[in-house]
Protein chains: 2
Amino acid sequence: MAAARVRSGGRPTLEEVAARAGVGRGTASRVINGSPRVSAQTREAVEAAVAELGYVPNRAARALAGNRTDAIALVVPESETRFFAEPYFSDIVRGVGAALADTEMQLLLTLAGNDRERRRLAQYLTAHRVDGVLLVSVHADDPLPDLLEQLGMPSVISGRRHAAETLPSVDSDNFEGARAAVDHFISRGRRNIATITGRLDVYGAQRRLDGYRKAIATAGLDPDERLIAPADFSEEGGARAMRELLERRPDVDAVFAASDVMAAGARHVLRESGRRIPDDVALIGFDDSAVARHMDPPLTSVRQPIEEMGRTMTRVLLQEIASRSSGDAARERPRIVLPTELVVRESS
Amino acid sequence: MAAARVRSGGRPTLEEVAARAGVGRGTASRVINGSPRVSAQTREAVEAAVAELGYVPNRAARALAGNRTDAIALVVPESETRFFAEPYFSDIVRGVGAALADTEMQLLLTLAGNDRERRRLAQYLTAHRVDGVLLVSVHADDPLPDLLEQLGMPSVISGRRHAAETLPSVDSDNFEGARAAVDHFISRGRRNIATITGRLDVYGAQRRLDGYRKAIATAGLDPDERLIAPADFSEEGGARAMRELLERRPDVDAVFAASDVMAAGARHVLRESGRRIPDDVALIGFDDSAVARHMDPPLTSVRQPIEEMGRTMTRVLLQEIASRSSGDAARERPRIVLPTELVVRESS
DNA sequence: CGTAGGCTTGGGAGCGCTCCCAAGAGTTGT
DNA sequence: ACAACTCTTGGGAGCGCTCCCAAGCCTACG
């Protein structure tokens with residue numbers, strides 16, 4: 001009878017498991033936490049009791065007694081949720097989820113708005129709510145990372161804020177991705193290669209521009225600054241930048257846009273100007289999002305391993321947490337860069 | 001000095017706040033939880049102490065003592081994460097986040113895989129991990145909803161499993177959305193209107209088909225079953241269905257696809273067959289996703305208020321939780337349906 | 001045969017908070 | 001002047017678990 005398994009409305013406690021197994025509370029705890037200091041026989045008895053009672057440890061009690069929460073937070077800037085909506089968000093989450101699957105860790109999702117809110121957030125996160133924090137899509141002047149660092153909260157950042165990032169970070173190889181895109185143009189005979197950049201206060205956007213420049217220089221092409229149009233990652237910004245480009249260098253025959261969405265804006269302007277893609281102007285984007293696959297013609301794009309970034313960030317964070325609690329104070333701060341990949345479609 | 005604010009490595013406790021304010025622990029607790037049974041003067045003193053010490057209540061202790069967690073879980077079927085990736089996931093999350101913003105509630109993200117995993121999940125969720133559950137994108141035969149219901153866990157489901165949904169639910173008006181799409185075709189003079197359906201074991205897909213049928217019937221058009229092609233929400237399925245349609249009724253002049261992704265597949269086939277959109281065949285999708293905006297030509301689509309669904313689900317859940325704890329056992333199960341909207345673009 | 005040391009084991013203390021009872025203070029009514 | 005209430009307040013008990021100390025048993029060694 002099911003009723004025999006539970007006391008009045010409650011779920012079984014450790015105490016009950018211990019009683020059922022005929023051992024003490026401490027011993028039962030040891031078994032459940034996988035301590036080696038238990039005899040095989042006792043372990044079996046406790047495990048049987050756990051199974052029979054359907055015992056699941058009470059997280060709150062554990063957290064209170066053990067001074068940890070077995071939870072990590074994924075902090076997403078609210079303003080950019082839509083912006084990064086595309087596959088980004090769900091892919092990151094899938095990666096994080098995968099890395100957490102075999103763990104007891106829970107994932108807390110936190111949408112943080114403005115800077116004031118983020119400052120308060122640091123307080124809350126530190127007040128024993130989570131064991132660690134995953135920071136996604138952080139701006140150069142975000143106060144949160146530094147606050148968390150000061151408060152001693154294990155944290156990992158996706159991308160970086162700048163070249164000298166102090167937090168453990170997991171980034172994709174924006175530089176090489178951009179370079180591969182431009183090299184691809186060059187290998188197909190393009191010579192007047194332009195780029196539309198993202199907001200250059202975002203480190204990744206800067207790196208993409210660096211990669212573009214490097215490829216142009218390596219190929220011995222003329223590094224004309226008029227071929228570089230700054231934008232802001234938006235479709236409209238991409239369109240505007242493309243118009244400038246056409247005006248300054250009507251002979252442009254290839255455009256590397258630092259995001260698929262900007263490429264979509266550029267495509268629109270190119271069409272309006274009567275140019276064919278890829279015949280007259282080749283086009284490459286960045287992100288390999290759904291937009292790229294469904295564009296007409298399908299857009300060649302630089303793929304970032306988003307899901308793997310999520311997985312890697314999580315692994316790094318778990319290590320960070322583990323090393324923190326085992327007292328190795330002076331751990332190396334990992335700074336991981338994952339490779340990007342050029343997905344060639346019909347726009348180039 | 002910052003060090004003066006904290007004891008050896010720890011954060012301030014209620015006890016310390018009480019001492020600082022010169023009151024008892026119970027009184028401090030009352031102030032922090034907004035009980036009215038405190039004098040204005042005392043309240044002020046405690047609030048000052050809270051501010052000075054930067055006190056933040058310890059969640060674990062609260063959860064343990066209060067037998068609640070102040071957290072709700074958002075359960076997302078892992079297999080469909082990619083499928084529903086589009087705006088869906090992030091929009092739902094944004095809605096949920098917005099509804100939770102003024103609350104102390106935390107959002108737990110749970111990716112659940114297969115049925116076995118979901119069964120275990122019910123155990124875990126019930127073991128005092130969360131106060132309530134938000135179920136997103138649930139199949140008709142998912143064991144989780146019933147389990148949660150049996151276990152007495154407050155839950156809200158997005159969409160429904162079938163017409164006789166027993167859980168509180170928030171759905172969009174699939175029926176009217178489909179009807180509006182078909183009416184739009186009719187008002188523009190289309191007569192041979194086909195539909196590509198989603199998996200019909202998904203209630204929403206069934207309702208979209210019902211709406212299509214209703215519109216056809218109301219307009220007095222010939223309800224030819226050959227104009228109905230079943231698919232599975234995938235791009236490839238959409239393409240296959242479109243091929244069948246063209247074979248059975250080459251004179252088709254309008255297609256309502258039950259998802260944008262299927263519409264993209266259909267578009268491909270229509271192009272291949274030499275038909276122009278919308279001149280020869282008009283096309284409407286469902287979801288109003290990024291794919292729709294970037295398709296060529298931009299796709300007319302039925303927009304669902306996803307973010308609002310997230311917000312509403314959350315509100316309903318919070319009410320459910322509140323009523324549960326205040327003991328109104330026999331509460332009405334809300335079943336909310338939010339309106340959809342036809343976003344007209346160039347494909348129709 | 002005595003003692004040191006290794007394994008297991010039981011259970012006390014305590015994590016920080018909420019709940020609730022009882023006591024003190026102040027009011028009102030008779 | 002006293003009983004009957006109401007409003008505040010303090011603090012004990014206890015939520016379920018982990019940590020850790022001490023005790024009980026054995027085995028091994030001098």
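Chain identifiers are assigned alphabetically (A, B, ...) following the order of the sequence lines, protein sequences preceding nucleic acid strands; residue numbering begins at 1 within each chain. All figures in this text were calculated on a predicted structure; none of them were measured in a lab.
- Put simply, A:T13 has no side-chain N or O that comes within less than 4.0 Å of OP1 or OP2 on D:dC15.
- Nearest nucleotide to the A:L64 side chain, out of C:dG11, D:dG11, C:dG16: C:dG16.
- Comparing the start and finish of the helix from C:dC1-D:dG30 to C:dT30-D:dA1, five pairs each, the helix axis swings through 50°, to the nearest 10 degrees.
- Between C:dC17, D:dT18, D:dT8, one nucleotide has an atom nearer to the side chain of B:A65 than all others, and that is C:dC17.
- The stretch residues 21-29 of chain A touches DNA chain D through A:R25, A:S29, each having a heavy atom within less than 4.0 Å of the strand.
- A donor-acceptor contact under 3.5 Å is formed by the side chain of B:R30 with the base of D:dG10.
- In the set C:dT18, D:dC17, D:dT9, D:dC17 carries the atom at the smallest distance from any side-chain atom of A:Y55.
- Between the P atom of C:dC19 and the CG atom of B:N67 lies a distance of 10 Å, rounded to the nearest Å.
- Between the C1' atom of D:dC17 and the CZ atom of A:R59 lies a distance of 13 Å, rounded to the nearest Å.
- Using a cut-off of 4.0 Å between Lys/Arg side-chain N and Asp/Glu carboxylate O, B:R324 and B:E320 are scored as salt-bridged.
- Between the CZ atom of A:R68 and the P atom of D:dT18 there is a distance of 7 Å, rounded to whole Å.
- As a whole-Å value, the separation of B:L14 CG from C:dT18 C1' is 9 Å.
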Would you check, one step at a time, whether the test side-chain contact (heavy atoms from CB on, under 4.5 Å) holds for B:V17 with B:V31? CA-CA 11 Å; B:V17 171; B:V31 171; over 6 Å; no
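- In this structure a side-chain-to-backbone donor-acceptor pair under 3.5 Å is missing from B:S29 to B:R25.
- Across the interface with DNA chain D, nearest-nucleotide mapping of B:R37 and B:G66 shows B:R37 to be the residue nearer the 5′ end.
- Atom CG in A:D70 sits about 12 Å away from atom C1' in D:dT18, given to the nearest Å.
- What separates CD of A:E16 from P of D:dG16 is a distance of 8 Å, to the nearest Å.
- At whole-Å resolution of the value, CD in B:E15 and C1' in C:dG14 are 13 Å apart.
- The nearest whole Å value for the distance from the CG atom in B:N58 to the C1' atom in C:dT18 is 13 Å.
- Put simply, the side chain of A:R59 never gets that close to the backbone of B:R129: no donor and acceptor are under 3.5 Å apart.
- Remark: B:E165 pairs with B:R161 by the salt bridge (Lys or Arg N to Asp or Glu O under 4.0 Å) rule, at least two apart or across chains.
- Position along DNA chain D of the nearest nucleotide to B:A61 versus B:V38 favours B:V38 as the more 5'-ward residue.
- Backbone-only engagement by A:R62 is indicated by non-hydrogen atom pairs under 4.0 Å involving sugar-phosphate atoms exclusively.
- One finds the CG atom of A:L135 at 11.5 Å from the OG atom of A:S169 (value rounded to the nearest 0.5 Å).
- Proximity of A:R315 to A:I336: side-chain heavy atoms (C-beta onward) are nowhere separated by under 4.5 Å.
- The backbone N or O of B:T69 sits less than 3.5 Å from a side-chain atom of B:D131, completing a donor-acceptor pair.
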